[in-house]
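Working notes for the structure below.
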2 protein chains.
Amino acid sequence: MDPENLIEQCFIFHGLPARVLNDIVAIGSVKKFNAKQTIFMEGDRATGFHIVITGRIKIFKLSTEGREQTLHVFGPGEPFGEAAVFAGTRFPANAMAVKKTETFYIPREAFVLLLKKDPSIAMNLLSILSRRLMSFAVMIGDLSLKEVPGRLATYLIILMKQQGKSDSVTLDMPKSQLASLLGTIPETLSRIFAKMQRQGIIAVQGPHIKILDLEALEELSGTEFRD
Amino acid sequence: MDPENLIEQCFIFHGLPARVLNDIVAIGSVKKFNAKQTIFMEGDRATGFHIVITGRIKIFKLSTEGREQTLHVFGPGEPFGEAAVFAGTRFPANAMAVKKTETFYIPREAFVLLLKKDPSIAMNLLSILSRRLMSFAVMIGDLSLKEVPGRLATYLIILMKQQGKSDSVTLDMPKSQLASLLGTIPETLSRIFAKMQRQGIIAVQGPHIKILDLEALEELSGTEFRD
DNA sequence: CGCTGCGTTGAGCTTCTTCAACGATCGTGG
DNA sequence: CCACGATCGTTGAAGAAGCTCAACGCAGCG
């Protein structure tokens with residue numbers, strides 16, 4: 001799998017002319033990370049950003065006591081660290097591979113020059129950053145205004161849509177990781193799962209969740225799901 | 001105050017050639033809002049975005065029970081609603097004038113055409129969206145990983161820097177609004193203020209806060225403040 | 001003067017975290 | 001092949017943080 005094919009398939013560079021793609025491939029390089037290896041840390045100067053080629057990474061913040069809040073989990077084709085690069089600041093969070101991962105690394109200086117030469121590169125970036133900004137807005141609202149059952153319900157419904165199922169979902173990460181994404185801890189999440197099961201809303205078998213009462217789930221979620 | 005001068009002074013359009021600025025002024029229009037007037041609501045289709053000319057607006061989410069989480073408070077020169085416009089989706093939150101406000105409104109369709117014609121417009125936008133994304137990342141971390149005293153301490157320290165003071169700050173909004181920004185309610189914020197005062201960390205006189213023990217405040221905050 | 005918005009304080013309660021223990025699964029090296 | 005450690009998940013008991021509800025004070029202003 002050579003970088004060029006992968007790069008042009010990523011949404012971030014989709015639709016760009018071959019000339020520009022070549023420039024991008026020319027300034028970047030492939031980096032490899034083992035599971036649990038740190039890619040960058042909060043406070044590091046953002047000297048470049050990555051695009052996941054294979055594997056999976058998470059972006060997270062740590063409290064002083066060591067609790068973890070996951071902001072994002074990214075897979076193939078998704079860029080991360082770009083915001084800090086464009087803003088020219090330090091990374092506001094940590095990045096770690098959750099499994100063996102390859103990334104395409106693009107250094108800041110060269111990329112900023114490319115951007116100036118070819119501002120059309122910015123268009124897809126605008127769209128990506130906008131989407132992430134909005135998903136963060138939702139996350140802030142959920143963290144602040146919903147309780148854990150509501151957040152879990154919302155997550156399950158979104159996952160259902162993603163997986164195109166109407167009565168079951170399969171969690172795409174360990175429950176402990178999900179807890180961190182939902183802004184809680186494994187113990188609490190486990191209790192909520194048990195409670196929702198007791199209430200007959202879902203049935204849990206490991207990572208497989210049967211949705212028994214979608215109505216109740218939507219009620220718990222409190223979110224309107226319009227296109 | 002005619003729009004043209006204001007528009008070119010905004011960071012969002014800073015450094016653009018006169019030709020482009022004229023185009024932008026041509027497609028936009030001035031809108032006026034009274035205090036407490038809704039500008040747009042969560043779920044509305046994003047048919048355009050605004051730039052604050054005078055006044056002040058807030059972006060916020062509401063829980064089903066009516067509690068409010070403020071995401072942003074914006075003043076003159078700051079754009080809002082752009083993310084939903086670039087992503088072509090609905091607004092993920094509400095916007096309301098907190099006092100009498102004028103905005104420069106830019107409709108989506110025309111602006112997207114302009115962007116395609118002149119991608120250089122996108123550069124400043126990239127920087128703005130990146131900064132907001134990072135500030136949201138911080139907000140998520142704070143909401144999830146810090147308790148209210150920590151968030152308040154962080155806010156006070158940032159405000160000190162903004163105001164260039166070293167031993168006092170003046171709150172730039174009502175305490176009830178601050179509560180919503182910090183992800184809590186007025187009662188709780190009031191209690192925290194009282195407690196920090198009892199502990200000799202600060203002295204509160206209405207909106208004026210004297211910082212008596214910066215050390216303790218930084219300790220509470222838990223954030224490293226690097227450049 | 002009385003209304004309205006803002007702020008404060010108290011009492012009770014819910015939610016969630018902490019701490020601790022325990023069970024299950026899985027991959028690996030002996 | 002089994003034993004071991006590591007990861008993951010579950011459950012219980014206790015405690016902390018923050019929310020709800022309610023009452024009240026105070027200031028500004030029509």
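The shown structure was predicted, so the numbers you read here are calculated from the model rather than taken from an experiment.
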| query | Which part of the nucleic acid, if any, lies within contact of B:Gly183, taking any heavy atom under 4.0 Å across all strands shown: a base, the sugar-phosphate backbone alone, or nothing? | reply |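 The answer is sugar-phosphate, as B:Gly183 gets under 4.0 Å only of primed atoms, P, OP1 or OP2.
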| message | Classify A:Lys36 by what it touches in the nucleic acid, base, sugar-phosphate, or nothing, heavy-atom distance under 4.0 Å. | response |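 Since only primed, P, OP1 and OP2 atoms lie under 4.0 Å of A:Lys36, the category is sugar-phosphate.
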Sub-3.5 Å donor-acceptor pair from the side chain of [X] to the main-chain atoms of [Y], do we have one?
X: B:Arg151; Y: B:Lys146; result: yes
X: A:Arg90; Y: A:Gly43; result: yes
X: A:Glu102; Y: A:Phe33; result: no
X: A:Arg67; Y: A:Ile185; result: no
X: B:Lys31; Y: B:Thr101; result: no

| message | Need the bend value for the helix from C:dC1-D:dG30 to C:dG30-D:dC1: angle between end axes, 5 pairs each end, nearest 10°. | response |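 Both end axes considered, the difference amounts to 30°.
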Rounded to whole angstrom units, what separation is found between the [atom1] atom of [X] and the [atom2] atom of [N]?
X: A:Gln177; N: D:dG9; atom1: CD; atom2: C1'; answer: 15 Å
X: B:Leu189; N: D:dA17; atom1: CG; atom2: C1'; answer: 15 Å
X: A:Arg191; N: D:dG12; atom1: CZ; atom2: P; answer: 9 Å
X: A:Lys146; N: D:dC19; atom1: NZ; atom2: P; answer: 17 Å
X: A:Gln205; N: D:dG9; atom1: CD; atom2: C1'; answer: 15 Å
X: A:Lys175; N: D:dT10; atom1: NZ; atom2: C1'; answer: 9 Å
X: A:Lys195; N: D:dG12; atom1: NZ; atom2: C1'; answer: 16 Å
X: B:Gln69; N: D:dG18; atom1: CD; atom2: P; answer: 14 Å

| If you count the non-hydrogen atoms of other residues, nucleotides and ligands that lie under 6.0 Å from CD in B:Gln199, is the total more than 12? |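 Atom CD in B:Gln199 is packed in, count exceeds 12.
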| field | Heavy atoms from other residues, nucleotides or ligands near NZ of B:Lys32 exceed 12 (cutoff 6.0 Å) | value |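 No.
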| field | Within-4.5 Å side-chain heavy-atom neighbours: A:Val148 and A:Arg191 | value |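 No - every pair of side-chain heavy atoms lies 4.5 Å or more apart.
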| For the side chain of A:Pro186, counting heavy atoms from C-beta on, which of D:dT20, D:dT10, D:dC8 is nearest? |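 Looking only at heavy atoms from C-beta outward on A:Pro186, the closest nucleotide is D:dT10.
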| query | Out of D:dG12, D:dG18, D:dA22, which has the shortest distance to the side chain of B:Glu187? | reply |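 Among the listed nucleotides, the one closest to the side chain of B:Glu187 is D:dA22.
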| field | Bounds of contact between DNA chain C and chain B, in 5' to 3' order, using a heavy-atom cut-off under 4.0 Å | value |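 Both ends considered, the range comes out as C:dG7 to C:dA11.
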| request: Quick one: closest heavy-atom pair of A:Phe49 and A:Glu82, and the distance? | output: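 Minimum heavy-atom separation between A:Phe49 and A:Glu82: CB-N, 3.6 Å.
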| request: Answer yes or no: does a side-chain N or O of B:Thr188 lie under 4.0 Å from OP1 or OP2 of D:dA17? | output: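 False: B:Thr188 side-chain N/O out of range (4.0 Å or more) of D:dA17 OP1/OP2.
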